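Data block below; observations after.
In what follows, every chain begins at residue 1, and chains take the letters A, B, ... in the order their sequences are listed. Bear in mind that the values here come from a model prediction, so they are computed numbers and not experimental data.
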Number of protein chains: 2
Amino acid sequence: MKEKPTREQIVEAADRLFYERGFEHTSFADIADVVKISRGNFYHHFKSKDEILRAVIEARVASTREMLARWEAASDNPAERIRSYIDVLIAHRTPIMKYGCPVGTLCSELARLGHASRTEANALFGLFRQWLRREFERLGRARDSDTLALHLIARSQGVAVMANAFHDEAFIRREARMLYAWLAQYCPEQEQTHE
Amino acid sequence: MKEKPTREQIVEAADRLFYERGFEHTSFADIADVVKISRGNFYHHFKSKDEILRAVIEARVASTREMLARWEAASDNPAERIRSYIDVLIAHRTPIMKYGCPVGTLCSELARLGHASRTEANALFGLFRQWLRREFERLGRARDSDTLALHLIARSQGVAVMANAFHDEAFIRREARMLYAWLAQYCPEQEQTHE
DNA sequence: GTCTATAGACGGATAGAC
DNA sequence: GTCTATCCGTCTATAGAC
């Protein structure tokens, strides 16, 4: 069995820990513990904690792009594509209730720390924003596509924050249904097969 | 000029710093700096950081109750009262863009830390939830008053998260208008004088 | 003399950097 | 593995009110 390169293992572990415990609350020792390397070995791969953060954000950008590409491949219908975005709330409900949204919590933490990588983290929101905007445009909403995209992301973020606070799965499902209904009003007439 | 009691000054400073920098990121030295007392003096008033956190949450609960009481005093109309809640997004747009929502960010941070005072912090959401629920009931929505209350809080939280990430004032105003419109659909027929 | 507020030094632990 | 910085928490000392 071929092991993954150490650097990649570090980024994966950091990615998970930054999500579960937060960036600041995660120490080198925590990451080294998971990867099972010494702290000394650490600095061979990353010179500073900020450097790990940058690598984690890059990895998340890459995986987000892949996910968006998968949604595009899965359907040609813009409404169905946008529904894929809403579906994430349901599919990831367990970690969301435990830890919130990975993008939202990271951006909030970095904003508060006034961290230099803030902008890069916000770019994650930007990816969804642009992608959703394009799909809303294809739904014939060229004039307010950005407004709709931002609105949908904000609604999802709100659901994540409240689900995290109250650990309420029924709430997530209910809000997801509301979002499907909200989306439906922007769709040209067609049978709603979803769920 | 009579000075405020030191304890009160500490709680006020901690309240502000916990909001602006976060609970974990705020050190005793930071608070002592603001209040202009020594760190040693600190422990005369509070035995631990958690004790300050509890005092801060208590203070926020008290000030929230006062705010809700003011909204009740300002109008007898449940729709107008609920609008007072939405108004906060506009009135506090500047700190929200800078630091997010004080309740949301605290609850998210404590949830992530697995902090013991998590429950008390969530009670802040609970205050708004119960209050909004009662007003929705008075609007004749006894059956789904809690759903509507939670939905409205979630929407606000989403706006706060995104406004914080993108520093977008126009977005806040737009979303507030959408919320006023959303609320209007639950109101019995009457002229909409608001804004 | 006692009680309370304040100040400052010290120790243990942890984390980041090298 | 070590070095340094930071931070929490404790301990002791001082000053003034009563």
Side-chain angles (χ1 to χ4, degrees), chain A residues 6-59 105-106 109-118 120-121, chain B residues 1-59 105-106 109-110 112-118 120-121:
Chain A
T6 306
R7 192 195 145 91
E8 202 174 318
Q9 286 185 50
I10 292 176
V11 173
E12 276 179 21
D15 191 351
R16 193 170 57 82
L17 289 171
F18 287 174
Y19 177 38
E20 293 177 2
R21 308 186 189 182
F23 168 67
E24 222 193 357
H25 198 56
T26 300
S27 72
F28 278 15
D30 293 333
I31 306 174
D33 250 30
V34 172
V35 187
K36 288 185 176 45
I37 58 172
S38 69
R39 272 202 335 296
N41 191 359
F42 219 104
Y43 284 85
H44 179 66
H45 298 279
F46 294 96
K47 275 194 274 296
S48 74
K49 198 177 177 182
D50 292 351
E51 206 170 292
I52 303 180
L53 176 61
R54 278 195 295 273
V56 166
I57 294 177
E58 273 175 37
T105 52
L106 183 67
E109 184 176 3
L110 296 187
R112 182 168 293 203
L113 296 178
H115 196 286
S117 295
R118 235 201 109 162
E120 284 85 350
Chain B
M1 59 177 188
K2 43 181 157 187
E3 291 275 334
K4 275 182 199 166
T6 307
R7 193 194 145 92
E8 204 175 317
Q9 287 186 51
I10 292 175
V11 173
E12 277 178 21
D15 191 351
R16 193 171 57 84
L17 288 172
F18 287 174
Y19 177 38
E20 294 177 2
R21 309 186 188 182
F23 168 68
E24 221 193 359
H25 196 57
T26 301
S27 73
F28 277 22
D30 293 333
I31 307 175
D33 251 29
V34 172
V35 186
K36 289 187 175 44
I37 59 172
S38 69
R39 267 177 29 74
N41 189 5
F42 218 105
Y43 284 85
H44 180 69
H45 298 278
F46 294 95
K47 276 192 273 297
S48 73
K49 198 177 178 182
D50 292 352
E51 207 171 292
I52 303 179
L53 176 61
R54 277 196 296 274
V56 166
I57 294 176
E58 272 175 38
T105 52
L106 183 66
E109 183 176 3
L110 296 186
R112 182 169 288 204
L113 296 177
H115 195 285
S117 294
R118 232 200 110 161
E120 284 86 350

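- Between the CG atom of A:N41 and the CZ atom of A:F46 there is a distance of 11.5 Å, given to the nearest 0.5 Å.
- Contacts of A:Y43 with the nucleic acid, taken as non-hydrogen atoms under 4.0 Å apart, include base atoms.
- Listed by residue number, B:T26, B:S27 are the residues of residues 16-27 of chain B with a heavy-atom contact under 4.0 Å to DNA chain D.
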What protein N or O atoms touch nucleotides 2-7 of chain C N or O atoms at under 3.5 angstrom, if any, and at what distances?
| residue | atom | partner | partner atom | Å |
| --- | --- | --- | --- | --- |
| C:dA5 | OP2 | B:H44 | NE2 | 2.4 |
| C:dT6 | OP1 | B:T6 | OG1 | 3.1 |
| C:dT6 | OP2 | B:T6 | OG1 | 3.2 |
| C:dT6 | OP2 | B:N41 | ND2 | 3.3 |
| C:dT6 | OP2 | B:H45 | NE2 | 3.1 |
| C:dT6 | O5' | B:N41 | ND2 | 2.8 |
| C:dA7 | OP2 | B:S38 | N | 2.9 |
| C:dA7 | N7 | B:N41 | N | 3.3 |

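- The side-chain hydrogen bond (donor to acceptor under 3.5 Å, both in side chains) contacts involving residues 45-59 of chain A comprise A:D50-A:H115, where partners must be two or more places apart or lie in separate chains.
- Listed by first then second residue, pairs satisfying salt bridge (charged side-chain N to carboxylate O under 4.0 Å, His left out) with a partner in residues 10-19 of chain B read B:K4-B:E12, B:D15-B:R60, B:R16-B:E20, not counting sequence neighbours.
- Here D:dC8 presents its P atom at 17 Å from NZ of B:K47, a figure rounded to the nearest Å.
- For B:F28, the ring pair (Phe, Tyr, Trp, His ring centres under 6.0 Å) test picks out B:F42, B:Y43, with sequence neighbours left out.
- The list of salt bridge (charged side-chain N to carboxylate O under 4.0 Å, His left out) pairs with a residue in residues 28-46 of chain B, not counting sequence neighbours, reads B:R21-B:D30.
- The distance from atom CD1 of A:I31 to atom P of C:dA15 is 11 Å, rounded to the nearest whole Å.
- Here the C1' atom of nucleotide D:dC8 and the CZ atom of B:F46 are 16 Å apart, to the nearest Å.
- A search for salt bridge (charged side-chain N to carboxylate O under 4.0 Å, His left out) contacts involving A:R112 returns B:E109, not counting sequence neighbours.
- Here A:E120 pairs with nothing under the side-chain hydrogen bond (donor to acceptor under 3.5 Å, both in side chains) rule; sequence neighbours left out.
- Rounded to an integer number of Å, the gap from A:E51 CD to C:dG16 C1' is 14 Å.
- Between the CG atom of A:L106 and the CG atom of A:L110 there is a distance of 4.5 Å, given to the nearest 0.5 Å.
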